[in-house]
Amino acid sequence: MAQFAVGERDFTLDGRPVRLLSGALHYFRVHEGQWGHRLAMLRAMGLNCVETYVPWNLHEPRPGEFADPEALGRFLDAARAAGLWAIVRPGPYICAEWENGGLPHWLTGPLGRRVRTRDAEFLRAVDAWFARLLPQVVARQCTAAGPGGAGGGPVVMVQVENEYGSYGSDARYLAHLVGRLRELGVRVPLFTSDGPEEHMLSGGSVPGVLATVNFGSGAREAFAALRRRQPGGPLMCMEFWCGWFAHWGRAEAPRAPKDAAEALREVLECGASVNVYMAHGGTSFGGWAGANRAGELHDGELRATVTSYDYGAPVDERGRPTEKFWRFREVLAPWADGPLPAVPEPPPGLAGPAAAVVEEWAPAGEVMAALGGDEVEGGVPATFEELDVDRGLVRYRVAVPGPRGRYPLRVSGLRDRAVVYVDGERRAVVDSEDAVIGEVAGPASVELWVASLGRVNYGPRLAESKGIVGGVLHERQYLHGVRSRGLRLDALEEAGALARVPFREVAGAGGDPGLYRGTVTVAGRPGDADLVLPGWSHGVAWINGFCLGRYRSVGPQRALFVPGPVLREGRNELLLWEWEGAPALVGEGAGAPGLGPCAAQG
């Protein structure tokens, strides 16, 4: 066992001053078969600690229905085996550019702005989730005895909420979380993390709980702001932003390795501990990438985050050291306890390209009929939340009465991206909140296939509903009697689901939206690969039942990362749920997907 504590100026371990040199690595963004390699990369860079969030919505997709919440415990065990301490940030809100900031859709749907407050219904759900999750953290605290009363776990600190000062000011809510964590047995130090602005620190801090700050540069100024709020205790940058994430259609300028390394050096020269965010970003598998709102106050247009969470991290998405890795290693080495470990070899990659053969497809309407939820009819469109759709799409059907002349058809309150059909013919693809489709005469039948672009993960519009939250209008008149039917992504992953889909030969598909199925043959030992989809528009990809995430033709991401453990030698199954339109020529050759060796870094 070890005693990790918050001292007057330093963290202490069994009474001795210690500095945390931590790196963020999200266990849910790395295939479990590659955890060991990625943790070894952190050790080799000079870190002595790993930090991870916990996404509530991933582990409790429906109330009381859990999906492998023990993954966190296995990851913490892997961290200990790698010789790393661990910081756990359990939420309930995590941001992390993750769908809904980690909050379950079944909770934010009915509660909306009541989440992240003292609201009794929200707190009941949080309390129940923490009761399910935290025992595995408590058992792995550094103060907990291991087998035979010896050892102790890797967990040295646990976070209270996440960047709350960027969102709210409900001190009673934060105090409740502190009390709940202690009630459930968390004995290691608690902390909060916020931006170094005065209002953020005052809104997110809790008396008696260590406050830390998040920034990417200007360490001296940030720590001075923290000291004005918190005169004593150790200094720590809980998120040292060494890069950034990207949105579809918008490439971010990468942060220069030299600049990032000098900013890291400044943090350490201030005598502070640090958590490099991200040390290894990984991938938002499963379609779990979130979205943001544009503008300084994060209340503008919706911007969906790409599947890759590479983040410009020193260990890239595929686990390889970058120039930033070597520069960080040089900065961190003088602060390490002894010589740094050797840098592990990269995981094996695919030896050569492997073309996929797309053999079958099913039209979108028939996939909906086979796997969709119940269709509901109402005066207004049902939201994704009302249809119990977290990730996936919703089909809306409504009639324009007639006879009547041609008037503008528009959608009010569109939160996502819609493919619109009028009398069976594709009319438009729209993604603005108030979208004009074009002039339509009545009578006419209208279908809108709305695909979720990811729920907002940060800012005041967190917890907003998805789909069509206003209505469909013809001229100024709302069209009522809307039929809504949802299809969740995980419906395609249930045992026996694909057997219910009426697949047919791909010849004659004509590039229509739908579910495409094929194979890709890997010769020899499989390894990490990139899935390329030339000419495919927008959808989600699976290999051997593992959801790689969303693809889009607009970039900046041009391929989906395929972890080697997902592949097998010989025949591999490929599934593409294309939402907007596949290439007209599919099969082997033009427009065919394929696996290739991972692209060169940078």
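Numbering starts at 1 and runs along the sequence shown. Values reported hereafter were calculated over all heavy atoms of this structure, with side chains retained and with hydrogens, waters and symmetry mates removed. Since the model is a prediction, treat every value here as computed from it, not as a measurement.
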Query - Ring-ring centroid check Y277 Y311, cutoff 6.0 Å - result: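 Y277 vs Y311: aromatic centres under 6.0 Å.
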
Any heavy-atom pair between the side chains of [Y] and [X] that's under 4.5 Å?
{"X": "S452", "Y": "V389", "answer": "no"}
{"X": "Q34", "Y": "D528", "answer": "yes"}
{"X": "P90", "Y": "L133", "answer": "yes"}
{"X": "L123", "Y": "E121", "answer": "no"}
{"X": "L134", "Y": "R180", "answer": "no"}
{"X": "P460", "Y": "Y167", "answer": "no"}

To the closest 0.5 Å, what do you measure between [atom1] ([X]) and [atom2] ([Y])?
{"X": "L184", "Y": "R132", "atom1": "CG", "atom2": "CZ", "value": "13.0 Å"}
{"X": "Y396", "Y": "L448", "atom1": "OH", "atom2": "CG", "value": "9.0 Å"}
{"X": "N275", "Y": "R89", "atom1": "CG", "atom2": "CZ", "value": "6.5 Å"}
{"X": "L409", "Y": "I437", "atom1": "CG", "atom2": "CD1", "value": "4.0 Å"}
{"X": "R517", "Y": "E573", "atom1": "CZ", "atom2": "CD", "value": "7.5 Å"}
{"X": "W98", "Y": "S284", "atom1": "CH2", "atom2": "OG", "value": "5.5 Å"}

Query raised in the report: Which one of D194, V213, T212, N214 satisfies the side chain to side chain contact (heavy atoms under 4.5 Å, CB included) criterion with E239?
Result: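 Exactly one pass, corresponding to N214.
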
Query raised in the report: Which of these passes side chain to side chain contact (heavy atoms under 4.5 Å, CB included) with D119: R124, R113, R114?
Result: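 Testing D119 for a side chain to side chain contact (heavy atoms under 4.5 Å, CB included) against R124, R113, R114 leaves exactly one candidate, R114.
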
Report task. Take R293 and E464, measure what side-chain contact (heavy atoms from CB on, under 4.5 Å) needs, and give me the verdict at the end. Result -> CA-CA 11 Å; R293 289 286 179 179; E464 66 182 10; 2.7 Å; yes

Query raised in the report: Where do V482 and V472 land on the side-chain contact (heavy atoms from CB on, under 4.5 Å) test, with the steps shown first?
Result: CA-CA 9 Å; V482 183; V472 182; 5.5 Å; no

Query raised in the report: Given the rule in the salt bridge (charged side-chain N to carboxylate O under 4.0 Å, His left out) test, do D512 and R426 qualify, once you have shown the distances and angles that lead to the verdict?
Result: CA-CA 10 Å; D512 294 331; R426 178 161 158 169; over 6 Å; no

Requested in this report: Answer yes or no: is there a donor N or O on one side and an acceptor on the other, between the side chain of E163 and the main chain of G195, under 3.5 Å?
Outcome: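 Looks like no, no N/O pair under 3.5 Å.
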
Query - Main-chain N/O of A86 paired with E51 side-chain donor or acceptor, under 3.5 Å - result: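 No, the answer is negative, given that no donor and acceptor are paired below the 3.5 Å cut-off.
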
Requested in this report: Please report the C-alpha distance between S217 and R255 in whole Å, then the side-chain angles of each, then the deciding distance to 0.1 Å, and finally whether the side-chain contact (heavy atoms from CB on, under 4.5 Å) criterion is met.
Outcome: CA-CA 11 Å; S217 59; R255 184 170 188 181; 4.0 Å; yes

Query raised in the report: For Y309, is the NZ or CZ atom of R29 found under 6.0 angstrom from the centre of its six-membered ring and inside 45 degrees of the ring axis?
Result: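 Here R29 passes the 6.0 Å and 45° test against Y309.
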
Requested in this report: Compute both the distance and the angle, then confirm whether R391 meets the cation-pi test with W288: under 6.0 Å from the six-membered ring centre, within 45 degrees of the axis.
Outcome: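 Yes, a cation-pi geometry.
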
N/O donor to acceptor pairs below 3.5 angstrom from side-chain atoms of residues 245-252, sequence neighbours left out:
from : atom 1 : to   : atom 2 : distance (Å)
H247 : NE2    : N292 : ND2    : 3.0
W248 : NE1    : T305 : O      : 3.4
R250 : NH2    : E301 : OE2    : 2.9

Heavy-atom pair of closest approach, residues [X] and [Y]:
{"X": "L72", "Y": "Y27", "result": "CD1-CE2, 3.9 Å"}
{"X": "F130", "Y": "P135", "result": "O-CD, 4.0 Å"}
{"X": "P363", "Y": "W361", "result": "CA-CZ3, 3.5 Å"}
{"X": "H59", "Y": "W129", "result": "CB-CH2, 3.5 Å"}
{"X": "P92", "Y": "L177", "result": "CD-CD1, 4.0 Å"}
{"X": "H31", "Y": "V566", "result": "CD2-CG2, 3.8 Å"}

Partners passing side chain to side chain donor-acceptor pair (under 3.5 Å) against [X] (at least two apart in sequence or in another chain):
{"X": "E60", "result": "W56"}
{"X": "T108", "result": "N100"}
{"X": "D490", "result": "R488"}
{"X": "T307", "result": "none"}

Query raised in the report: Under 30°, 30 to 60°, or over 60°: which ring-plane class applies to W241 and W244, parallel, tilted or perpendicular?
Result: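 Ring orientation, 0 to 90° scale: perpendicular.
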
Requested in this report: With sequence neighbours left out, write down each residue that passes salt bridge (charged side-chain N to carboxylate O under 4.0 Å, His left out) with D434, or none if nothing qualifies.
Outcome: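 For D434 there are no salt bridge (charged side-chain N to carboxylate O under 4.0 Å, His left out) partners, ignoring immediate neighbours.
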
Under 3.5 Å, side-chain donor or acceptor atoms of residues 414-422 against the rest of the protein: list the pairs with distances, not counting sequence neighbours.
from : atom 1 : to   : atom 2 : distance (Å)
R415 : NE     : E433 : OE2    : 3.2
R415 : NH1    : S465 : O      : 2.8
D416 : OD1    : L453 : N      : 2.9
D416 : OD1    : K466 : NZ     : 2.8
D416 : OD2    : G467 : N      : 2.9
R417 : NE     : E580 : OE2    : 2.5
R417 : NH1    : D431 : OD2    : 3.1
R417 : NH2    : E580 : OE1    : 3.1

Report task. Give the C-alpha distance, both sets of side-chain angles, the deciding distance and a yes or no for side chain to side chain donor-acceptor pair (under 3.5 Å) between Y173 and E161. Result -> CA-CA 10 Å; Y173 164 58; E161 240 269 359; 2.9 Å; yes

Query raised in the report: More than 12 non-hydrogen atoms from neighbouring residues, nucleotides or ligands closer than 6.0 Å to CD on E198, yes or no?
Result: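 Open.
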
Report task. Begin from the C-alpha positions of L25 and V315 and carry the test side-chain contact (heavy atoms from CB on, under 4.5 Å) through to its verdict. Result -> CA-CA 10 Å; L25 190 164; V315 180; over 6 Å; no

Query - Test: E366 and R500 ion pair at under 4.0 Å - result: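 Salt bridge between E366 and R500, a charged N being under 4.0 Å from a carboxylate O: no.
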
Query raised in the report: Sequence neighbours excluded, which residues qualify as side chain to side chain contact (heavy atoms under 4.5 Å, CB included) partners of M368?
Result: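 Side chain to side chain contact (heavy atoms under 4.5 Å, CB included) check on M368 returns L393, R395, W449, R485, L487.
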
**Report entry** side chain to side chain contact (heavy atoms under 4.5 Å, CB included) against L531, all qualifying residues, sequence neighbours excluded
**Finding:**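 Listed in chain order: L533, A541, L548, L560, V562, L574, P593, L595.
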
**Report entry** Pairs satisfying salt bridge (Lys or Arg N to Asp or Glu O under 4.0 Å), at least one member in residues 542-562, at least two apart
**Finding:**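 As it turns out, there is no salt bridge (Lys or Arg N to Asp or Glu O under 4.0 Å) pair with a partner in residues 542-562 once direct neighbours are skipped.
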
**Report entry** All pairs passing salt bridge (Lys or Arg N to Asp or Glu O under 4.0 Å) where residues 448-458 contributes a residue, at least two apart
**Finding:**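 Those involving residues 448-458 are E99-R455, E385-R455.
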
Query raised in the report: Out of R318, E317, Q557, which residue meets the side chain to side chain donor-acceptor pair (under 3.5 Å) rule with S308?
Result: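 Among R318, E317, Q557, the one meeting side chain to side chain donor-acceptor pair (under 3.5 Å) with S308 is E317.
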
Query raised in the report: Sequence neighbours excluded, which residues qualify as ring-ring contact (aromatic ring centres under 6.0 Å, His included) partners of H474?
Result: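 With neighbours one apart ignored, the set is Y407.
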
